[in-house]
Each structure stands twice: as structure tokens, then as C-alpha cells.
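To start, the structure itself, in C-alpha cells.
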Amino acid sequence: MFLLIWKRLRCALLLLALFWMPCVLSAAQISSNLEQDWINKAFRFWTFADSSIQVIALGAILIGINCGLMGGYVVSRRLSMFGDTLSHAVLPGIAVGFMISQSRDEVALMIGATFSGFVGVGIISLLKRYTKMKEDSAMGLVLSGFYALGICLITYLQKSSGGGMAGLESYLFGSLVGLSSDDLIPLCLCLAMIILCFVLLNKELLLSGFDPSFARSVGLPVDLLHFCLWILLAFCIVSSLQIIGVVLVSALLIIPAATAGLLTHKMSRLLLFSGILGALTGIIGCFLSFLVERLPAGPVIVLCSAFLFLTVLFFNPVRGILPSWIRTRKRGQRIRCENTLKACYQVLEESSFSSQSFSQTSLARRRRKSDAEIEREIDVLIREGYATRQIILLEQKSELPSENMISLTPSGWEIATRMIRNHRLWELYLTKEASYAPDHVHDDAEKIEHIIGEKTVRELERILDNPRRDPHGKLIPSQNDIDRGWLSPPLVTEK
Amino acid sequence: MKATLPKPLEIHDLTVAYQKKPVLYGIDMEVEAGSLVGIIGPNGAGKSTLIKAVMGIIKPVDGYVKIFGETTRKAITRVGYVPQRASVDWDFPVSAMDVVLMGRFSHAGWFRRISKRDRIFAAECLEQMNMLPYANRQIGNLSGGQQQRVFLARALAQQSDLYLMDEPFEGVDAITEKAIVDLLKSLRNQGKTLLVVHHDLSTAKEYFDQLALLNLRLVAFGETQDVFTHELLQRTYGGKLTVLSEIGSRQVEQKQPPSAVL
């Protein structure tokens, strides 16, 4: 079953990729009139031909992994909004760091950003403690306030210093232009710290995230752990800002982790998937942004991760929307098939099993459906190998229409008798053991007969002492009858 | 010889405050080894706070707690804790097995990985609570009673000598309630000491050997038959006679004169 879905999934992904590539390529074509051929460009990118491409690609992948891993913790601890707030709150610090160092000095920017992040978070906790403000409003206030302040400072700096401050706006929306190998050092450092922290403190972080009061009770310094995670998050955000920008860095924290959350319920796997997804979106987004130079890197990367999220939401084999839709449809088909087979049995029962075949019209009467509908249902049975159809001409050369005679194959017979047995057994159980009135049990049994397993059937037979008659006096087929492939008429008429 | 052994739990003049507002005043309590103690009292009486203060989760304003003659921090591996079920984020990506393994953390120590022996032991604890078939289920997919069983399996995995449980009967079905009571009694019979916060007066009498009646102060503490009296309960529940009349009516339903119970 799952294998089948996997195969379908692979197919779907392949199709998507095929569909997606021309879109990308045609989009690229429009913008690159003056530039080299886009195929050339793509080739250059994916072979990582020159060092600037290597730097860009590596940077995007590193950011993806860093944010993906941190995001795993942020999302599972319900800190998504917190991550968003923090990423906006660092902006004034970057401007101030810039002002003091008068250059894009990494260390100064980092210190400034971390400090302003601290101030932002401090304000949130003060607001929470001393006013009646709820946490989400406090976060919204700090987020927008700090962001506005940051933009004012940056715009002012740029206006007042002429061209000297170029590149500051890349902190807003992200940019891959002018990324040097030195810029990768903080990213590598951040990755190393995250991995070290997660490997060493795996179980401590898990416990303090899931059950803080229990964690305190076994002597874990929960607040210290939380603070460490917070610092790590701030570092991760600050180091990613240049490529992805303030506005959207939180998306990269949230989306890959949320996507991974669709796939697994295990923390270790969630982190792994989240990291991989992050890296994947990083490299794809980076490629697109490289291909179409007018597109800013940050939004493109975020769009890619949102696209991946949707893909997983629809196609993931376990809880994906498409696979579960297919499963529901299949179940519906099976139930319709089983209902038709059950009706076939009842038609045969009406004639006391005197003949092995019955006419299609008698079935239509029984099911209270039109001939055309029954025709279709029978077609399905024949296709599945449950029944065969013979066309019998009533009279040679007559004007009368021919009559379709249906007979069940052994496998069709088996399912039909099994459904009848399940139905009647359940009716009997409800009347005898759950003291339902005999005229109340039919509708319930109509549903239960399809889902009750063989194990429960055995249990019911044991409880009811292998009964032969249902509450309405009809025969309950036994396992013997099912195996034998036919009911002998005397048994049916016996009272 | 036996008299020189330190008591499992000794609470001396414990006062706890939330943002300067005291919620527990001067609690004195000494619990003997092998007792099964129920802590009962009205809402807001500080039952959970008492447990949290003993576990060192909340710092007391005054007084001290000694566990087997030592501070809580030093005796941490000898105390097991079952927090309130509502205190946890059940959507967190952990399985039932992961949660039980958390009970082994204090034995494993910092930075160490969980050993295979810990895993086997955790599986045994799950089995004891009849939860082994659910070991790999995400914790949020379990029913309330099952979640509580996982919590108790985690407490078992702690292999403690003193257990503090915060409302383990809250929101569980009758079968789980029975399973928990059986577990409590079997632990008691193994010589462990248990303090259990409980809110249902009608069952308190049959579940516990000793009762601590709490309402900001420790109103009474002693053998159940001595403490579960009309007068003391009335003092604990301070005029909230509705509770008592409810119990009384339940006793009438069971065709017993209320005075025989209260």
C-alpha cells in the first residue's frame, strides 16, 4: 500500500520537476536579454564553476541548515512568534553597529544586533510583568517598533553618508551580491555551535522543552538552557541576515521545521528533516536568485521553502492530502463493491440458492436502482474478477431485449458471504448483548460490516456461541459455508 | 537502629509566596517511610505549590525541606515527580518511550547518552503500566488516561524512594484510576513513600493511609481515620459546606448514615 503511494509520489514529484523547470527557465529568459545564455548560467551554477558561485551556494546552504535546525526547536517549543520578533528587533542594533564601526565590520554588527535583540526581549518580559498586555501584543509592539526604528536609522545613515553605506539595505531583503568567503565564517561558526549544542545537550533540551517543571524537578537549569537556546537563536538570525534579510529570516526558521513536522513526530528526525529541507530550499532559492538577477535572494528562498511545504502537505505518503484522498476513494470503491456483492447474495437467497446465476434486472429491483447504474456496478465486479456475465437471448429472433445473467466467481462469493455474515452477526450481537431493538440494528450493521476484522468476527462467534440465525431469522453463513463456495438449499430452508 | 534512619521527607516551617503573596504558611510535616499520603484541600489551597516547593521547582521564602536528611538537590535521584498533566505541551514531538526515558535522565547525568540498559528498563516500566504497545506513539495521540499512565511509567523509571504526584487521577477513566491506585499501593508495599495531591473527597478515604488537610496552613496530618472527620474537613474547606453536603448525599446514596463517614 505505502509502496504504491511512494511510487505515485515519485511520479508526481518528477512531473512537478518537469513542469517547474521550464517555468523557471522561461522566467529567466525574460530578464537576461543582455546577459549570457541562461543554460550556460544554470550550467555554471550547478557545476559551481567559479569561486563566487561556490561562496554563494555554500552560504545559502549553511543558512538553510542553521535556520532549519534552530527552527526545529523554535517551532516545537511554540516560539515561532518569538523568532520573528527577535529577527526584527536586531535591526536597530545593526544600524548602530554600523554607525560606530563606520564599516560592515562583522563583530560590531553582531554585538549591536545581539544587544538590541536583548533589549527587545527584555521589553517584552517587562510589558508582560507590569502591564496587562498579553504576550502576543507585546511581541507585535516590539517587533514593529524596533523594525521602524531600524529602518529610520538605516535610511538616515545611507542618506547622510552618500555611497559609503551601500549594502545596508541588503539587511532588509537579503542579497547574494558581494558575498565574500569571509562572510561564511560566522555561518560556519554558528553551525558548529548548533551541532555541538544539540549533540551534547540533546536529552536536556528535549526534556526542558517538553516538561519544564519535571526538568526542574530532576535538577536541570531550565532557564539557563532556555537562555542558551535564545543566544544561539540570536546568533543564527544575525549571521543569516545579510543573505536572507530581517523581514524573512523567521520564515526560514518556521517553514522548514513546520514541513518536517508534517513528516515525523520524533524530535531527532524532525531536526534532521528540517535541516535537510532548509539546505534544499537554500540552494534552490539561491540558484533562482542567481539566474534572475533582479530577484532578491531572501524572498526567493522563502518562496522555495513555502513551495516545498505545499508539496509535502499534498504529497507526503502518510498524512498528505492527496494520498489520504486516494485512500478514502479506494475505501469508497471497496465498500460499493462489497454492497453490490451483498445484494447479489440476497438475490440468490431469495431464490433459495436454487440456481447459481441471477438476472441483472432482479439485482436492480433488489438495489432499487436503475438498470444503467446496476450495469456499471456489475462492470466493476467483472473487472475485479468477482462476477461473470452471460448474455442470454430469451427467444431467437424476437424483438425482446436479451437478459444478462450474472454469476459470482469463488472470490466474489467469498466476499459476499463474509459481508452477510458480518452484517447478521453484528445485528445479533447488538440485539442479544447490547439489548438493541431488532428494528434498530440494520443501519449500524450496514457500516460495521465493512470495517469489522476477522479477529473481531471470531470473538463475536465465540460470544454468541456460533449462531446460525440472525434476529430476523435469516441464516448466518459460517466459515465452512464461505470456504465451500456454495450453500446447499436444504441448509437454507431448515428452520 | 531504625530510629536513626533519616525520614524520607521532613518539611520545616515552610512558607512559599507567589509575587510576594504567601500561598503556604509555616508548614511542618514529617513523613515516615512506607506511607501513602493524600494531600487534600480546596482549590487554591496550595497543594501543588507544596509539591513544587518540595521538588525545588519553587524557592520557598522561609523554612526548609529535607529528603532523607539531605537537601532536595542532593537527594534528587531519590525523588520521583509526576507533574499535572495539563502542565505539558502534548503536541511536542516526543513518543511515549521518549517520555519514559526522561525518567532516566537524572541517573544518566549531563551530556551522556541514554544507554541500552536504560531503554530496556524504560520498556519494562511501560509494560508495567500496560503501555508498551503504545511506546512509539506520539504522546499527543494518546488518550488522557494513557498519557497519565505514561507519566507514571516515567516516575517508575526514576526508581525513586519518595514520590510526589500532582493530581494523577485528574481526567482519567475508571480503569486507569484503578490501575493507578494499584500501582500506588504496590509501591507503598515495597517500602516507598508517596505523597499524592488529590481533589476527590469521596475516594480520598479509601485510597490513602494518611491524609494531609491543607488550606494555606496544614490543618491536620495523620492516619486517615483520625483526620477524615467532620470537624477537620469543615475547617479545611472553611465554610464551603457544599462540598461536605455533596459527600453526605453520596453517602446517603450508598445507604450509610453520613455520620458514620464524616
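Naming: A, B, ... by sequence-line order, numbering from 1 per chain. The basis for the numbers below is simple: all heavy atoms, side chains too, and nothing from hydrogens, waters or symmetry mates.
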Can you say whether A:R269 sits under 4.5 Å from chain B via the side chain, the backbone, both, or neither, judging by heavy atoms?
neither
Region of B:I139 in contact with chain A, defined by heavy-atom distances below 4.5 Å:
side chain
Measure B:I76 against the heavy atoms of chain A and call it side chain, backbone, both or neither at under 4.5 Å.
side chain
Tell me, side chain or backbone of B:N136 under 4.5 Å from chain A's heavy atoms, or both, or neither?
neither
Indicate whether any N or O donor in one side chain lies under 3.5 Å from an N or O acceptor in the other, for B:S143 and B:R149.
no
Please, which pairs that meet salt bridge (charged side-chain N to carboxylate O under 4.0 Å, His left out) have at least one residue in residues 157-172 of chain B, sequence neighbours excluded?
B:R78-B:D161
Which one of A:L270, A:L206, A:L220, A:N202 has the most heavy-atom pairs closer than 4.5 Å to chain B?
A:L206
Consider only side-chain N and O atoms of A:Y429 and A:E459, and report whether a donor and an acceptor are under 3.5 Å apart.
no
With a 4.5 angstrom heavy-atom cut-off, which part of B:V99 approaches chain A: side chain, backbone, both or neither?
side chain
Is any side-chain heavy atom of A:L225 less than 4.5 Å from a side-chain heavy atom of A:E204?
yes
Bottom line for B:Q84: the part with an atom under 4.5 Å from chain A's heavy atoms is neither
Distance alone, cut at 3.5 Å: any donor-acceptor contact between the side chains of B:T15 and B:D62?
no
Should we say atom CZ of A:F210 is surrounded by more than 12 heavy atoms from elsewhere, each under 6.0 Å from it?
yes
Is B:R137 in contact with chain A via its backbone, its side chain, both, or neither, using a 4.5 Å heavy-atom distance?
neither
Using side-chain hydrogen bond (donor to acceptor under 3.5 Å, both in side chains) as the criterion, point out the one residue from A:R216, A:R77, A:H226 that pairs with A:S208.
A:R77
In terms of heavy-atom pairs under 4.5 Å with chain B, the winner among A:G219, A:S268, A:S76 is A:S76
